Engineer: 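One structure coming up, written as structure tokens, with questions to follow.
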There are 2 protein chains.
Amino acid sequence: MTQIDAPDITVPATTDTAPKLGRKRDHTRDPEILDAALEVLAETGYDGMTIDMVAARAKAGKATLYRRWSSKADLVIDAVACMKQSHFDLEALPDTGTLRGDMVAMIKPHSIEEGERKLQIMAGVMSMLSRDPGLADVVNAAIVEPRASVNRMFMQRAVARGEISADADIETLAMITSSMAAYRTLVLKKPVDKEFLLSIIDGVLMPALGIRPTAG
Amino acid sequence: MTQIDAPDITVPATTDTAPKLGRKRDHTRDPEILDAALEVLAETGYDGMTIDMVAARAKAGKATLYRRWSSKADLVIDAVACMKQSHFDLEALPDTGTLRGDMVAMIKPHSIEEGERKLQIMAGVMSMLSRDPGLADVVNAAIVEPRASVNRMFMQRAVARGEISADADIETLAMITSSMAAYRTLVLKKPVDKEFLLSIIDGVLMPALGIRPTAG
DNA sequence: CATATACGGTACTCACCAGTTTCGGATATT
DNA sequence: AATATCCGAAACTGGTGAGTACCGTATATG
């Protein structure tokens with residue numbers, strides 16, 4: 001009897017776009033919800049994740065989530081797309097004067113930790129990648145490209161200062177670290193630690209670019 | 001966890017535990033079922049795959065599958081473990097006299113095609129990798145290691161004939177091709193074609209090993 | 001203050017799927 | 001031939017989770 005759900009009445013004459021009335025949606029909570037989604041995603045993967053888990057983690061109601069995102073897939077895609085904290089501050093990047101110095105300077109506990117988190121998220125989203133082609137672009141822009149572009153910039157600077165040849169295949173080389181770190185974490189289940197990263201720099205990248213060990 | 005093939009079971013009637021009677025299980029169909037499972041796995045991923053799909057694909061009854069594998073996870077693990085057809089015939093590997101020649105000789109349409117199939121299977125199993133630690137070893141033995149060991153052997157031969165230095169980090173370099181191919185297929189969604197593989201060989205591996213282009 | 005909406009929470013519907021059971025028919029052993 | 005087991009097919013069970021509806025309450029708008 002008490003039907004309060006009748007939105008087809010009292011439509012204002014000003015049918016411009018959306019004459020909002022009543023309480024407004026609290027968008028300040030969106031980042032908390034998206035962060036909760038990323039946490040659950042990294043822990044359980046897309047298929048293991050439930051909307052209730054995310055809602056509970058964010059201390060929000062399930063209906064609140066569906067008021068803002070139309071589906072689980074929508075929420076996850078938005079969460080991945082909005083993980084902006086990870087974009088490297090281009091101003092604060094190291095500039096040590098040598099390519100190896102720059103790359104070694106990027107090896108910090110914080111970077112490693114954040115990298116592993118991103119890889120966990122990528123693993124959680126992997127099963128979805130095949131179904132939603134647009135998601136691949138989102139993952140690429142949010143996770144892959146930021147890190148690759150840093151390596152690319154380091155190498156371009158090295159070319160500019162004459163440290164390495166301009167013939168180097170920078171596009172391919174810039175992806176080696178990401179590729180091997182992903183493979184090592186997701187497939188081999190081994191840690192991506194400082195030793196491993198150094199073995200890539202000194203065992204692959206530097207030799208491939210014709211840079212000899214400086215010790216001698 | 002099943003024997004791969006047991007067509008000729010010459011078990012004496014006086015077996016210790018089970019004196020079998022009646023019709024015997026037709027194990028010649030096991031490979032067909034496992035292949036069907038791999039197909040569905042590659043197409044839909046582990047979570048999207050249903051037992052009914054596999055049964056229908058193999059033209060078998062669902063009960064038949066459960067008579068042979070105790071669970072969906074069991075079936076998938078066995079399917080991955082038994083994809084033995086892919087193990088390279090060590091006798092038939094190329095031996096061209098140069099490392100680059102050997103590696104380029106491995107680039108064949110058939111190899112590329114089979115590699116992409118394996119990667120699709122790996123992607124489908126990815127979400128399961130976090131839950132079942134034993135699966136990582138199975139995937140490693142069935143997909144990763146066979147290809148890496150081929151590259152390792154090529155490089156060891158190159159060391160033996162003095163083509164490359166014995167100081168090269170063969171362990172790391174042997175995984176570059178697999179890592180980058182996996183990354184390119186699963187994350188970047190770009191094809192692993194001949195051109196890409198050549199760019200790895202000539203833009204990364206050869207320079208890293210100090211081998212100069214032979215043309216000049 | 002009155003109203004319309006958002007909020008957290010809970011209960012509900014509906015579909016899907018792992019795993020089990022059942023059935024009629026086929027097949028190998030005795 | 002009799003029997004025990006397998007087979008494919010299909011019905012059934014039980015649990016789970018996406019998405020919806022509703023409740024009492026909170027809060028911004030007018």
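Keep in mind the model is a prediction, meaning the values are calculated, not measured. Just so we're on the same page: letters track the sequence lines, and every chain starts at 1. Keep in mind that the numbers below use all heavy atoms, side chains included, and drop hydrogens, waters and symmetry copies.
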Engineer: Side-chain N or O of A:Arg29 versus OP1/OP2 of C:dA6: is the shortest distance under 4.0 Å?
Structural biologist: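 No, because none of the side-chain N or O atoms of A:Arg29 sits under 4.0 Å from OP1 or OP2 of C:dA6.
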Engineer: Using a cut-off of 4.0 Å on non-hydrogen atoms, how would the nucleic acid contact of A:Lys62 be classed: base, sugar-phosphate, or nothing?
Structural biologist: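 Contact class for A:Lys62: base.
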Engineer: In this structure, how many angstroms lie between the C1' atom of D:dC22 and the OH atom of A:Tyr66, rounded?
Structural biologist: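 Going from A:Tyr66 (OH) to D:dC22 (C1'), I get 17 Å.
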Engineer: Can you check the B:Glu32 CD to D:dC7 P distance for me, whole Å?
Structural biologist: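 Taking CD of B:Glu32 and P of D:dC7, I get 12 Å after rounding.
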Engineer: So, does A:Arg23 get its side chain near the phosphate of D:dA26, meaning an N or O under 4.0 Å from OP1 or OP2?
Structural biologist: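 No, no such contact exists.
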Engineer: When the distance from CG of A:Asp26 to P of C:dA6 is rounded to whole Å, what number comes out?
Structural biologist: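 Computing the A:Asp26:CG to C:dA6:P distance gives 12 Å.
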Engineer: Taking all non-hydrogen atoms of both residues, which atom of A:Pro31 and which atom of A:Thr28 are closest, and how far apart?
Structural biologist: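 So the minimum-distance heavy-atom pair works out to CD-O, 3.4 Å.
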Engineer: May I have the distance from B:Asp30 (atom CG) to D:dC6 (atom P), rounded to whole angstrom?
Structural biologist: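 Going from B:Asp30 (CG) to D:dC6 (P), I get 13 Å.
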Engineer: Identify whether NZ of Lys or CZ of Arg in B:Lys72 sits under 6.0 Å from the centre of the six-membered ring of B:Tyr46 and within 45° of that ring's axis.
Structural biologist: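 Yes, B:Lys72 lies over the aromatic ring of B:Tyr46.
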Engineer: Would one find a side-chain N or O of B:Arg67 under 4.0 angstrom from OP1 or OP2 of D:dC7?
Structural biologist: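 Result: yes.
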Engineer: I need the residues from residues 46-56 of chain B with at least one non-hydrogen atom less than 4.0 Å from DNA chain D; give them sorted by number, or say none.
Structural biologist: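 Those residues whose heavy atoms fall under 4.0 Å from DNA chain D, taken from residues 46-56 of chain B, amount to none.
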Engineer: Round to a whole Å and report the spacing from NE2 of A:His27 to P of D:dT27.
Structural biologist: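 Checked: the NE2 to P distance equals 18 Å.
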Engineer: In terms of side-chain heavy atoms of A:Ser71, which of D:dG8, D:dG19, C:dG8 is nearest?
Structural biologist: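 From the listed options, D:dG19 comes nearest.
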Engineer: For D:dG19, does the base pair up with any side-chain atom of A:Lys72 as donor and acceptor (N or O, under 3.5 Å, distance only)?
Structural biologist: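 Side chain to base: no pair below 3.5 Å.
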Engineer: Tell me the interatomic distance from B:Trp69, atom CH2, to C:dT20, atom P, rounded to whole angstroms.
Structural biologist: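 Computing the B:Trp69:CH2 to C:dT20:P distance gives 15 Å.
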